[in-house]
Amino acid sequence: MSDIDQVLEYLQTHRAEWDDLLCQYLRIPSVSADPGHAEDVRRAARWTADLFERMGFSVELVDGEGRPVVYAESPRVEGAPTVLVYGHYDVQPAEDPSLWETPPFEPSIREGAFFARGACDDKGQILPHILAVRAWREAAGRLPLNFKFVVEGEEEVGSHRLERFIDEAAERLACDCAVISDTGMPGPDQPAVTYGLRGIAYYEIRLTGPNRDLHSGSFGGGVTNPCNALAKMLAGLLDDHGRIQIPGFYDDVLPLSEEERARIRAVPFDEKAYFRMLGVETAVGEKGYSVLERRWARPTYDVCGVWGGYQGAGAKTVIPGRAGAKLSFRLVPHQDPAKVAKGLEIRLRQLCPPGIRLEIIDLHSSPAVLTPLDSPYLKAAERALAAVFPHPPVAIREGGSIPIVARFQQRLGVDVLLIGFAQEDDNAHAPNEKFSVQTYHRAMAVSARLWEELRRGSDGTRTT
């Protein structure tokens, strides 16, 4: 029996143990945004570190104001490639517990899935990589690669400590490629490698009018209403064809090639089913592009939140003194967030009416990333996925942003493999988050095969 066959058999015979480990992980309410869970976050870091220590890895907890980065490194395998695996153990707040069918931090297995906060984002996706390495060590008696794991506790709040760690420890983190599982796939039997992520530029705007709230009867018509002004300004950033009205916004947009458009058309996607899942009849967007193209490969502008004026029950006739909104722009390759910020300020000041003071706050940004479709590491990932799933993998882009991916590419100069296993109905960041039990175990098998494929190299020989 070959090494990989022994590893796969080991994974299969220990399924109950792997399920129990994930449930242990999910019981830790490692909510990074809530200071009240600071000790739980540290407990999750320690739990993660213990896994690596039991595998013979050297482990360091790189502190980050109570949210440590877990850095683990395997014993040296001479002549083998080095892979950096990234994930995060922190989770989103559970918010209103009454919206959950079962408590968010008491995992349950039902309907073929793990239900708990963090199930798919990201504990259920990083743990299979760790366990696949453990299976290699236990079943084959050796590791096929050199492994470096970075598992952080601040992904949901900005990854600030990890960004500093990457800058400080770039030489220690040197590798041949990086692997991240924090994305999704088109269907439960349809795997994918994600070769592109959109970037992001996120802002808050604040408008100030009169020095206090005013009676809308006594003062209406005699003062500029900040809420009225905000509505017109927000609408003025987009035209009727879905084009963003910011000077220079499209100057650096990398157009989709015909090959990429053909790849996107080949992805199994039922538009009507997609809209049914979201509870809408249809949607509008940039003219001339399909839903998937708009989601994955075109820049977008969205109002993420609006505030101002009276929000209570019944009526209150008031002209508010202040109003504001939070805006996100998803960016595509070659767009510069700094250039977008300058153009946004120019446009908003053009739209801002007399009697209103405008403040723009740049909250965070990150550029888009692309992995070359001919990358030998991407090809290795495709072979690993094809060996486990019933359908061959497709190459997709992802509309979301993972800022740390750009940092890995910039600082380490490596290809990043994005091999995600989440489904669109897994409710990441929402009540009743879940992750398929079958997919969880398939992810381990993919990971085990990926390590073998990366060891062998793109042409069947050892990669050096």
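Any value given below was found using the heavy atoms of this structure, including those in side chains, with hydrogens, waters and symmetry copies removed.
Atom CH2 of Trp47 sits about 5.0 Å away from atom CG of Leu21, to the nearest 0.5 Å. Residue Ile180 holds its CD1 atom at 9.0 Å from CG of Leu417, rounded to the nearest 0.5 Å.
Salt bridge present: Arg455 and Glu452 bring a charged side-chain N and a carboxylate O closer than 4.0 Å. Between Arg43 and Glu39 no salt bridge is recorded (no basic side-chain N to carboxylate O distance below 4.0 Å). Salt bridge annotation for Arg298-Glu293: absent, with no cationic side-chain nitrogen under 4.0 angstrom from a carboxylate oxygen. We find that Glu60 and Arg172 are joined by a salt bridge, their nearest charged nitrogen and carboxylate oxygen being less than 4.0 Å apart. The pair Glu156-Arg67 fails the salt-bridge criterion, with no side-chain N (NZ, NE, NH1 or NH2) lying under 4.0 Å from an Asp/Glu carboxylate O. The pair Asp63-Arg161 fails the salt-bridge criterion, with no side-chain N (NZ, NE, NH1 or NH2) lying under 4.0 Å from an Asp/Glu carboxylate O. Contact check on Arg294 versus Glu286 returns no salt bridge, with no Lys/Arg side-chain nitrogen under 4.0 Å from an Asp/Glu carboxylate oxygen. Salt-bridge check for Asp50 with Arg46: passed, with a basic side-chain N closer than 4.0 Å to an acidic carboxylate O.
With sequence neighbours excluded, the residues forming a side-chain hydrogen bond (donor to acceptor under 3.5 Å, both in side chains) with Glu424 are Arg295, listed by chain and number. In terms of the salt bridge (Lys or Arg N to Asp or Glu O under 4.0 Å) criterion, residue partners of Asp251 (sequence neighbours excluded) are, by chain and number, Lys339.
Counting heavy atoms from C-beta outward, Glu73 and Phe147 have side chains that stay 4.5 Å or more apart. Counting only heavy atoms from C-beta outward, the side chains of Val150 and Leu162 approach each other to under 4.5 Å.
Applying the salt bridge (charged side-chain N to carboxylate O under 4.0 Å, His left out) test to residues at least two apart or on different chains, the pairs with a partner in residues 83-101 are Glu101-Arg110. Legend: salt bridge (charged side-chain N to carboxylate O under 4.0 Å, His left out) pairs involving residues 390-414, not counting sequence neighbours, sorted by first then second residue: Glu163-Arg407, Asp167-Arg407, Asp167-Arg411, Glu260-Arg397. Sorted by first then second residue, the ring-ring contact (aromatic ring centres under 6.0 Å, His included) pairs that include residues 92-135, not counting sequence neighbours, are Phe114-Tyr440, His129-Trp451.
For Thr194 (side chain) and Gly196 (main-chain N/O), no donor-acceptor pair under 3.5 Å exists by modelled atom type. With hydrogens and angles disregarded, no donor-acceptor distance shorter than 3.5 Å links the side chain of Arg206 to the backbone of Ile361. Under a 3.5 Å cut-off, the side chain of Asp336 and the backbone N or O of Ala338 do form a donor-acceptor pair. A donor-acceptor distance shorter than 3.5 angstrom exists from the side chain of Gln335 to the backbone of Val332, with no hydrogens or angles considered. Formation of a donor-acceptor pair under 3.5 Å by the His37 side chain with backbone atoms of Pro29 is found in this model. A side-chain donor-acceptor contact under 3.5 Å links Thr13 to the backbone of Tyr10. In this structure, Ser181 contributes its side chain and Ile419 its backbone to a donor-acceptor pair below 3.5 Å. Of the possible donor and acceptor atoms, none in the side chain of Gln190 sits under 3.5 Å from a partner among the backbone N and O of Pro268. A donor-acceptor pair under 3.5 Å is absent between the side-chain atoms of Asp189 and the main chain of Pro390, judged by distance alone. The closest donor-acceptor contact from the side chain of Ser30 to the backbone of Val41 lies at 3.5 Å or more, if one exists at all.
Between the side chains of Tyr25 and Thr48, a donor-acceptor pair is found at a separation under 3.5 Å. Counted by atom type alone, Asp20 and Gln24 present one or more donor-acceptor pairs between their side chains at under 3.5 Å. Side-chain atoms of Arg330 and Ser401 include a donor-acceptor pair closer than 3.5 Å.
Taking every heavy atom of both residues into account, Leu331 and Ala368 meet most closely at O-CB, 3.6 Å.
Residue Glu359 places its CD atom among more than 12 non-hydrogen atoms of other residues, nucleotides or ligands, all under 6.0 Å distant. Heavy atoms from other residues, nucleotides or ligands lying under 6.0 Å from CD of Glu9 number 12 at most.
Ring centers of Phe149 and Tyr71: at least 6.0 Å apart, outside the cut-off.
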Using residues 299-307 as the side-chain source, report each donor-acceptor pair under 3.5 Å to any protein atom, sequence neighbours left out, with the distance given to one decimal.
unit_1 : atom_1 : unit_2 : atom_2 : d
Tyr301 : OH     : Leu234 : O      : 2.8

How far apart are the C-alpha atoms of Cys177 and Val83, what are their side-chain angles, what is the distance that settles it, and do they pass the side chain to side chain contact (heavy atoms under 4.5 Å, CB included) test?
-> CA-CA 5 Å; Cys177 74; Val83 174; 4.2 Å; yes

Report the C-alpha separation of Lys434 and Cys120 in whole Å, then their side-chain angles, then the decisive distance to 0.1 Å, and conclude whether the side chain to side chain contact (heavy atoms under 4.5 Å, CB included) test is met.
-> CA-CA 6 Å; Lys434 65 181 178 66; Cys120 75; over 6 Å; no

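Ring pair His14/Trp18 is parallel by interplanar angle, where below 30° counts as parallel and above 60° as perpendicular.
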